[in-house]
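What follows is a single structure, written as structure tokens, with notes after it.
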Amino acid sequence: MIKRRCAILPGIAIVALIVLVAAYSSRIVSGWSQEAGFNADHPEESGYKLVFQDDFTNPSTLDIKDTRKEGFNWYMGKFHWGDVSTPEQVVLGPDGLQLGGRIATATSSFDDRSVIGKAWGGTLYFEALINLNPTHVFSWKGTGPAFWALSWPWSTRSAQAPNMPQGYENFGELDVMEYGFANKPGSSPDLKHYSQTVHNWYGIDRTTCKPDAYCEILNDDRTVRVPDIRGWHRFGAWLVIGKGGRKSFVQPYYDGAPVGSARKWPSYAELKDVPVPPSGSNSYGIFDFEKWIVVLSATMVTPMKVRYVKIWQAG
């Protein structure tokens, strides 16, 4: 009887342990699913609201005459670092937008003292349906096709880092899709890649890291491998601002599925808590407080077609 009881007790203990492990695992899976269960095909089902969309069928959404007045979806790309696109670089056709220049959801005023347009912050999902021609796109040869997000604070000259000398800025840039950096002049283009780059810029313009404008930290694992870049594809980035001790991150998406590696960083409750680089371990915290201007850019040599751009925001 004692021997049998001794035999039963370990069995009971094992069963209980299995139940506890299963319950704990369930909590982990549940918690992870809440974070990773994002559905890029239907972001609304994950609690996201569509806050911006343009399918490039209505010419009135483009400030094609460069009036720099409020009310447009897209402006001709003028900021205090770039030129204005010309009408022949921005054409609407049967496939949507035929782009050989740069347009953005905001622009600098004519006196360069303010910014007109739209930007979005918080937890977001950016997506564009794009068709690019990889034939003439080579690394560092002009501006290749790109879909990216620009810091509103930096654009409005308000990216001053707390507790740093006057003029010391800290801001982000999120390149959802860039193509061409792996291509080599004289060789056939690499059709199985694109880049999603997470930049943390910092310092005093042309001083801290001269002759460059700013110092920079960017993700080493920015190359995303894909079956074939040619044709129409959905390029996305899921930017999650962490809460309750969870890390913030950016995850690349391609044709509605997560690809590549997520770039993660500790989340911060207040802007004053964000550490200033150059340490890679404390970079990207500024992303938690950014608002993003969305930019599409290409050249007449390296054009791209865009059928739509959409932005979803959590909550």
Side-chain angles (χ1 to χ4, degrees), residues 77-83 102 104-109 111-115 117 119-122 124 126 139-144 146-178 180-181 195-223 237 239 241-242 247-250 261-295 297:
K78 170 62 177 158
F79 290 99
H80 51 87
W81 48 266
D83 298 324
R102 183 179 63 246
T105 60
T107 187
S108 296
S109 61
D111 61 9
D112 203 24
R113 294 182 179 179
S114 61
V115 173
W120 299 267
L124 301 161
F126 305 90
S139 59
W140 313 117
K141 186 179 181 181
T143 302
F147 164 41
W148 53 290
L150 172 66
S151 166
W152 176 280
W154 178 79
S155 304
T156 57
R157 295 186 168 94
S158 59
Q160 172 70 41
N163 305 315
M164 296 298 290
Q166 184 63 34
Y168 194 106
E169 299 173 276
N170 184 20
F171 61 95
E173 176 189 328
L174 172 56
D175 300 324
V176 180
M177 185 283 293
E178 292 180 298
F181 292 119
S195 298
Q196 183 164 123
T197 309
V198 188
H199 300 266
N200 191 161
W201 302 97
Y202 65 95
I204 299 175
D205 188 7
R206 295 181 177 85
T207 299
T208 310
C209 286
K210 60 175 144 183
D212 295 333
Y214 296 94
C215 311
E216 177 188 15
I217 291 176
L218 70 166
N219 52 322
D220 294 330
D221 50 358
R222 54 192 175 274
T223 300
L239 170 60
I241 306 305
K247 287 189 174 183
S248 301
F249 64 88
V250 174
S261 302
R263 170 58 50 186
K264 300 181 179 180
W265 60 89
S267 59
Y268 298 94
E270 297 183 49
L271 179 59
K272 66 179 179 62
D273 300 327
V274 175
V276 178
S279 171
S281 62
N282 60 16
S283 56
Y284 304 117
I286 193 63
F287 274 60
D288 293 5
F289 301 92
E290 290 283 12
K291 287 189 177 181
W292 302 102
I293 298 166
V294 173
V295 187
S297 54

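Just so you know, these numbers come straight off a predicted model, no measurement behind them. All residue numbers refer to positions in the sequence shown, counting from 1.
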State, with a plain yes or no, whether a side-chain heavy atom of [X] is found less than 4.5 Å away from one of [Y].
X      : Y      : value
Gln196 : Asp175 : no
Leu150 : Trp152 : no
Phe147 : Val176 : yes
Tyr284 : Asn219 : yes

> What residues form a salt bridge (charged side-chain N to carboxylate O under 4.0 Å, His left out) with Asp112, not counting sequence neighbours?
Replying inline: Arg157
Give a yes or no answer on whether the side chain of [X] reaches the backbone of [Y] with a donor-acceptor pair at less than 3.5 Å.
X      : Y      : value
Ser267 : Lys247 : no
Thr105 : Val294 : yes
Arg102 : Gly77  : yes
Ser108 : Val115 : no

Minimum-distance pair of heavy atoms, taken over all atoms of [X] and [Y]:
X      : Y      : value
Ala104 : Val295 : CB-CG2, 4.0 Å
Leu174 : Ala237 : CD2-CB, 4.2 Å
Pro153 : Glu290 : CD-OE1, 3.2 Å

>> For a quick check under 3.5 Å, do Trp292 and Ser151 share a side-chain donor-acceptor pair by atom type?
In response: no
> For Ser158 and Thr156, does a side-chain donor sit closer than 3.5 Å to a side-chain acceptor?
Replying inline: yes
Between atom [atom1] of [X] and atom [atom2] of [Y], what is the distance when rounded to the nearest 0.5 Å?
X      : Y      : atom1 : atom2 : result
Tyr268 : Ile241 : OH    : CD1   : 12.5 Å
Thr107 : Phe79  : OG1   : CZ    : 5.5 Å
Glu216 : Ser283 : CD    : OG    : 11.0 Å

>> List the residues meeting side chain to side chain donor-acceptor pair (under 3.5 Å) with Ser155, not counting sequence neighbours, and say none if there are none.
In response: none
> Asp288: what forms a side chain to side chain donor-acceptor pair (under 3.5 Å) with it, not counting sequence neighbours?
Replying inline: Ser248, Trp265
> Under the side chain to side chain contact (heavy atoms under 4.5 Å, CB included) test, which residues partner Asp83, sequence neighbours left out?
Replying inline: none
>> Checking Asp212 now: which residues fulfil side chain to side chain contact (heavy atoms under 4.5 Å, CB included) with it, not counting sequence neighbours?
In response: none
>> Show, in sequence, the C-alpha distance, side-chain angles and deciding distance for Trp148 and His199, and conclude whether the ring-ring contact (aromatic ring centres under 6.0 Å, His included) test is met.
In response: CA-CA 11 Å; Trp148 53 290; His199 300 266; 8.8 Å; no
Distance-only donor-acceptor pairs under 3.5 Å for side chains of residues 161-173, two or more places apart:
unit_1 : atom_1 : unit_2 : atom_2 : d
Glu169 : OE1    : Tyr214 : OH     : 2.6
Asn170 : OD1    : Asn200 : ND2    : 2.8
Glu173 : OE1    : Trp201 : NE1    : 3.1

